[in-house]
Structures are given as C-alpha cells and as structure tokens.
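What you are looking at is a predicted structure, and each value in this text was computed from that prediction instead of being measured.
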Amino acid sequence: MHMRVPHVFNSLHVRVTGLFLALLLVSGGAWYFWVNATLLEPRQDAATAHWWDDLAEGEITDLGRTCAPVVADPVALADRLAAFGDRVRRFEAEVVVVAADGRAIASTDADSLTAAIGALDPALVAAMAADDWDFETYPDSTSVDAYVNRIFQVEPLAATAGGAPAGWLVASYMPVTVTPGELLATTRQMGTRAVVVALLAGALSGVIAMTWLSRRVRAVSAGVEAFANGDLTHRVPAASADDLGRLGRNINLMASRLETLIEELRAKEQFQRQLITNISHDLRSPMAALRGYVETFVIRGTEMSDDERNRHLEVITGNLDHLDRLVDHLLQLSRLDAGQARFQMEDFPLAELVDGVLTRCEGVAQTKNVALDVEIPDELPLVHADPLQIAQVLQNLLDNGIKFNRPHGRVVVAVAAAAERVRVTVRDDGEGIAPEILPHIFDRFYMGDLSRHRKGESNGLGLAIAQKIVQGHGSNLTVESRPGEGSAFTFTLAAAETRKADSAKA
Ligand code: ADP
C-alpha cells in the first residue's frame with residue numbers, strides 16, 4: 001500500500017532543508033565516532049595491546065604465586081615486585097601488596113605508591129578477590145581519582161592453598177595525568193578539527209543538496225526547452241509529490257492540452273478544406289446542368305416542341321430547387337456553426353408543430369405514395385424549445401423518411417412524455433440503413449446513395465443540421481435501423497413544466 005506522506009514533506013523547501021540537515025547529521029555523527037576512536041581512546045601500540053589482551057592476567061596471577069611465600073620477608077617481596085614493575089611500567093600498570101589488615105606494604109613503584117595509598121579497606125579488597133567481582137563497577141563512585149577505581153585484578157596471597165590469605169596482590173592502572181599544557185593543546189586541536197570538519201561537512205552537504213536540486217530543475221528546464229523548440233511529445237519528470245513534481249505535472253498537462261489543441265486545429269483546417277471542395281463540387285454540377293439546358297434554349301428555343309420545352313423547364317426548375325436547398329442548408333449550417341443561430345426558446349404544444357410540418361410534407365408524400373401518421377397522447381406537457389428550429393429538424397427527418405421509402409410505405413411521428421422530457425421519434429418502414437454506413441450518416445455531405453445526389457435529391461446536410469439543432473437543445477439525435485425494415489430517429493426536448501418547477505426550486 002502507498003504510504004501517505006504528510007503534506008509539509010511535499011514542500012520543496014522542507015525537502016532540501018531536510019536533506020541538508022540529514023547530511024550534516026550523518027557527517028557530524030561520523031566525525032564524533034572518529035574523534036572517539038582516534039583522540040580520546042588511549043593510543044596503544046601493538047605490544048601494549050598484546051600484553052593487556054593476552055598476558056596481563058596470567059602474569060599477575062603468577063606474580064601472586066611467587067609473592068605468597070615471601071609476604072613476611074619485605075626485602076624479597078620488594079625485589080620481586082620491583083623486577084615486575086620494571087617490565088610492566090611501560091604498559092601503564094602497577095601492583096601493590098596489601099597485608100591482611102589492608103596496609104600497603106610493598107609495591108612495584110617502591111616508596112611512592114605505598115605512601116600514596118597507605119591502606120585499603122580489607123573487606124573491599126577481599127570482595128574484589130572473589131571470582132564474581134565486576135571491575136567495571138566503581139567502588140568509590142564519588143571520585144575519579146580514587147585508587148580503588150583503577151584496580152583491575154586482585155590475587156589473594158595464601159601461604160598454603162586453602163589457608164586464610166596473608167594479604168593481597170592488587171593490580172591497577174596508572175593514574176592518568178594531564179598537564180594544563182597538554183589539556184590546552186588537546187582542546188585547541190579538537191577545536192580546530194571541529195571547525196574544519198563542520199565547514200567541510202556543511203560545504204559537502206550544501207553541494208550535495210544543491211546538486212540534487214539543480215539536477216531536477218535542469219530536467220524540468222530541458223523539458224520546457226524541448227516544448228519551446230516545438231517538441232510537444234516530450235514529457236518532464238513529474239513523479240515527485242513536491243513543488244517541482246507539481247510544476248512538472250502542470251507543464252506536462254499544458255503540453256498535452258497544446259498537443260490536442262493543435263491536433264484539433266489541424267483537423268478543423270482539413271475539414272474546412274474538404275468542406276470548400278464539397279461545396280464547390282455540389283454547386284458545380286447543377287450549375288453545369290443549368291448552363292447546358294439554358295444554352296439549348298438559346299440555340300433551339302424556337303424549334304422545340306411544347307413537350308420538349310416543358311421537359312427542359314422541369315429539369316431547370318429541379319436544378320434550381322436543388323441549388324436553392326443546398327444554399328439554404330449551407331447558410332443554416334454556417335449560422336449554427338458560428339453560434340449565430342440563437343435559439344428563440346419558448347413553451348409551446350408540440351402536437352400543433354408536428355401537424356404543421358406534416359401538412360407541408362403531404363404533397364411530396366402523395367407523389368411518392370407514402371402515408372404520414374402521428375402518435376401523440378392527449379396528455380402531453382408543453383415543450384421548451386425553439387419551434388422554428390424543431391420544425392426544421394422534423395422537416396429534415398420526414399423528408400428522409402419519405403425519400404428513402406418504398407411505394408405504400410409509412411412515416412410516423414411518435415411523441416411521448418419520458419422522465420421530465422418529451423421524446424420524439426420519426427419512424428419509417430422504408431429501405432433502412434446498412435450497418436456499415438450507419439456511423440457516417442450524421443457527417444456533413446455524407447450520402448449513402450450517390451445516385452440520388454445526381455438526381456438532385458440529396459446533399460448530405462439534412463441530418464448534420466438536425467443533429468446540430470438537437471444538440472443545441474441539450475439532447476442527441478440517435479438512430480436505430482435495420483436494412484429492409486426501416487429506420488427510427490429519436491431525440492428529446494425539455495418539458496416546460498419541469499423547467500418551471502426547476503426555476504421555482506431555484
Ligand atoms: P441526404 O438526405 O441529403 O442524403 P442526410 O444527412 O439527411 O442527407 O442523410 C444522410 C444519409 O443517411 C442519406 O444519404 C441516407 O443514405 C441515409 N439516411 C438518412 N435518413 C434515412 C432514412 N430514413 N432511411 C434510410 N436512409 C437514410
């Protein structure tokens with residue numbers, strides 16, 4: 001699962017500062033351990049370390065054994081200790097022998113040590129001689145200088161094995177003596193090192209943090225440069241949650257938007273070009289036909305029989321009708337495209353409008369032998385729409401329904417209330433539409449059957465105009481069709497009542 005990062009860590013400022021502080025902390029910690037290891041630990045050479053690690057304990061035990069028989073003989077005892085002392089002084093160890101009553105009686109450092117110690121608590125020394133004594137615990141925790149704190153091994157000196165000890169051999173570290181001069185030098189050295197290390201660590205941390213930051217900024221800037229040079233497919237890194245990530249995401253979004261915009265513009269340009277080609281082509285054929293017939297008239301007008309002349313005139317009128325319809329459709333489309341066709345919305349009864357359009361279509365329907373019908377329930381809410389535009393939609397759908405029908409076919413306009421809207425369907429039982437051309441019929445200038453175009457019946461704009469108007473009314477013109485069975489075109493309009501209820505609510 002993705003862990004939720006608290007919002008503040010998404011700020012670039014916090015991240016850079018965090019990185020910088022973390023680096024400082026790491027380098028500071030490393031320096032601390034290094035100082036501990038090099039400056040504060042005793043600087044032991046290999047021989048000293050070997051003696052302390054491997055030999056000390058055994059040698060001191062041995063010394064205890066050799067000293068036990070001569071506890072009572074001060075000269076012999078002093079000799080043995082002195083000889084041992086000469087050897088171990090350089091390891092910074094010293095040994096003292098205390099009698100059973102705790103008095104210091106001899107030492108590796110003859111006079112000074114016994115004089116300095118004087119006496120030890122015999123009970124404490126006896127306890128230290130036990131196997132389980134832990135020399136890490138300080139008997140006199142109030143004083144760092146107390147001799148008992150430096151003891152690291154105690155051997156009982158028994159004349160005979162098992163007998164009460166006549167005294168103890170006490171081994172200790174030498175006291176650490178630091179002169180004021182040494183202390184000052186060490187402090188100075190540490191201070192200088194601290195400043196140097198702090199400066200180095202700070203500079204290094206700063207450089208790393210800045211490198212990290214500038215690398216990311218560079219990646220974004222390289223992206224923007226690519227966009228500036230026209231490569232809109234380039235994307236900048238945008239995975240991070242911080243400000244730079246957000247900047248990257250927004251830049252990418254901007255690039256995608258520009259990309260689609262440019263694509264749309266290109267498509268539009270292509271479309272306009274195609275449109276002009278189509279229009280020129282569509283205007284040219286009827287004009288050429290007209291010119292031909294008119295020229296015939298000019299040349300042979302007086303020689304023509306009445307029949308011939310009438311046929312010519314019919315063709316001329318047909319071509320003029322086609323031109324008229326084409327120009328009319330083009331004007332409508334361009335007005336709809338430009339958004340100039342402001343819809344004059346009003347509440348009106350749809351039934352009357354349907355009747356009006358049907359009456360206008362009756363003439364053509366009769367010539368084609370197609371019956372027109374309506375299915376409208378008595379109780380129907382008023383619709384809120386532009387009546388002239390909706391009449392145009394119905395006209396175009398009925399024209400098609402009649403045009404693409406067969407003799408004795410039927411076209412029905414069915415209206416019904418549907419969920420706060422009114423649904424209008426224009427249904428015919430004509431030739432239907434093949435599935436492969438169905439997706440294209442709303443395209444401008446698309447015609448399923450080009451022979452009709454030649455006859456001047458089609459221009460491929462009727463459904464495009466109807467769709468545009470229906471969409472302007474907040475609906476969509478949809479079609480269902482089966483070849484050989486007929487087609488049904490459906491759209492919906494807002495019912496006037498719901499609108500009133502809505503505005504009352506608001
Ligand atoms: P036009 O009718 O001028 O050809 P339209 O945009 O009105 O242009 O229709 C586009 C195409 O859709 C028509 O050429 C025709 O192939 C098909 N079409 C439209 N309405 C019907 C229908 N009721 N029955 C069969 N085909 C239809």
Side-chain angles (χ1 to χ4, degrees), residues 30-71 77-98 102 104-118 120-122 124-158 165 167-179 181-183 185-186 189-190 193:
W31 182 70
Y32 172 80
F33 286 113
W34 176 65
V35 164
N36 254 353
T38 59
L39 203 68
L40 301 180
E41 286 287 297
R43 276 149 290 177
Q44 290 183 345
D45 54 36
T48 314
H50 171 61
W51 187 81
W52 278 104
D53 291 346
D54 309 321
L55 309 174
E57 195 179 348
E59 286 188 8
I60 289 163
T61 312
D62 286 346
L63 181 66
R65 224 173 278 133
T66 49
C67 286
V70 296
V71 179
L77 190 62
D79 270 359
R80 275 168 212 194
L81 283 176
F84 187 73
D86 287 344
R87 224 159 48 69
V88 301
R89 193 161 300 116
R90 68 187 186 94
F91 305 134
E92 307 210 326
E94 54 191 16
V95 176
V96 69
V97 172
V98 295
I105 52 172
S107 75
T108 48
D109 239 329
D111 313 321
S112 55
L113 194 58
T114 44
I117 295 163
L120 292 172
D121 176 4
L124 176 64
V125 179
M128 283 176 155
D131 282 343
D132 58 354
W133 178 264
D134 179 6
F135 286 96
E136 295 292 314
T137 58
Y138 302 108
D140 187 353
S141 52
T142 58
S143 161
V144 278
D145 292 330
Y147 176 79
V148 288
N149 291 350
R150 304 206 304 267
I151 298 171
F152 65 83
Q153 194 172 341
V154 174
E155 296 292 330
L157 302 175
W168 292 273
L169 187 87
V170 177
S172 69
Y173 306 107
M174 279 183 180
V176 179
T177 48
V178 181
T179 64
E182 271 175 353
L183 196 67
T186 311
Q189 196 186 4
M190 278 177 71
R193 279 189 196 186

Atom CG in Leu55, atom NE2 in His50: separation rounded to 0.5 Å?
4.0 Å

Looking at Asp131, I'd like to know if its CG atom is crowded, meaning that more than 12 non-hydrogen atoms belonging to other residues, nucleotides or ligands lie closer than 6.0 Å.
no

Between atom CG of Asp62 and atom CD of Glu57, what is the distance when rounded to the nearest 0.5 Å?
11.0 Å

Could you check whether any side-chain heavy atom of Leu63 comes within less than 4.5 Å of a side-chain heavy atom of Leu169, counting everything from C-beta outward?
yes

So, the side chain of Asp121 versus the backbone of Gly102: is there a donor-acceptor pair under 3.5 Å, distance only?
no

Phe135, CZ atom: more than 12 neighbouring heavy atoms under 6.0 Å:
yes

Side-chain touch Val144/Asn149, heavy atoms, less than 4.5 angstrom
no

With the side chain counted from C-beta on, respond yes when Gln153 and Met128 share a heavy-atom pair under 4.5 Å apart, and no when they do not.
no

Check Trp133 against Ala127 and note the closest heavy-atom contact, atom names and distance.
CB-O, 3.6 Å

Least distance between heavy atoms, Met174 atom then Ala93 atom:
CE-O, 3.9 Å

Between Glu182 and Thr179, is there a donor-acceptor pair closer than 3.5 Å when you use the side chain of the first and the backbone of the second?
yes

Ion pair check, Arg65 and Glu155, cut-off under 4.0 Å:
no

Ala171 and Ile60 have their tightest heavy-atom pair at CB-CD1, 3.7 Å

Side chains of Asp45 and Thr48: donor-acceptor distance under 3.5 Å anywhere?
yes

Would you say Leu120 and Trp168 make side-chain contact, with heavy atoms under 4.5 Å?
no

Heavy-atom distance under 4.5 Å between the side chains of Pro139 and Leu124, does that happen here?
yes

For the side-chain contact (heavy atoms from CB on, under 4.5 Å) test, which of Leu81, Val96, Val95 pairs with Leu113?
Val96

Between Arg150 and Tyr173, is there a donor-acceptor pair closer than 3.5 Å when you use the side chain of the first and the backbone of the second?
yes

Taking side-chain hydrogen bond (donor to acceptor under 3.5 Å, both in side chains) as the test, write out the residues that go with Thr142, two or more places apart.
Asp140

Run Phe152 and Trp52 through ring pair (Phe, Tyr, Trp, His ring centres under 6.0 Å) and show every step you take.
CA-CA 11 Å; Phe152 65 83; Trp52 278 104; 4.9 Å; yes

Run the side chain to side chain contact (heavy atoms under 4.5 Å, CB included) check on Tyr138 and Val148 step by step: do they pass?
CA-CA 8 Å; Tyr138 302 108; Val148 288; over 6 Å; no

Close side-chain approach of Val88 to Trp51, heavy-atom, < 4.5 Å:
yes

Quick one, Leu77 and Val97 - any side-chain contact, counting heavy atoms below 4.5 Å?
yes

Does the side chain of Glu94 come within less than 4.5 Å of Ser107's, by heavy atoms?
no

Interatomic distance, Ile117 atom CD1 to Ser172 atom OG [nearest 0.5 angstrom]
6.5 Å

If you count the non-hydrogen atoms of other residues, nucleotides and ligands that lie under 6.0 Å from CZ in Arg90, is the total more than 12?
no

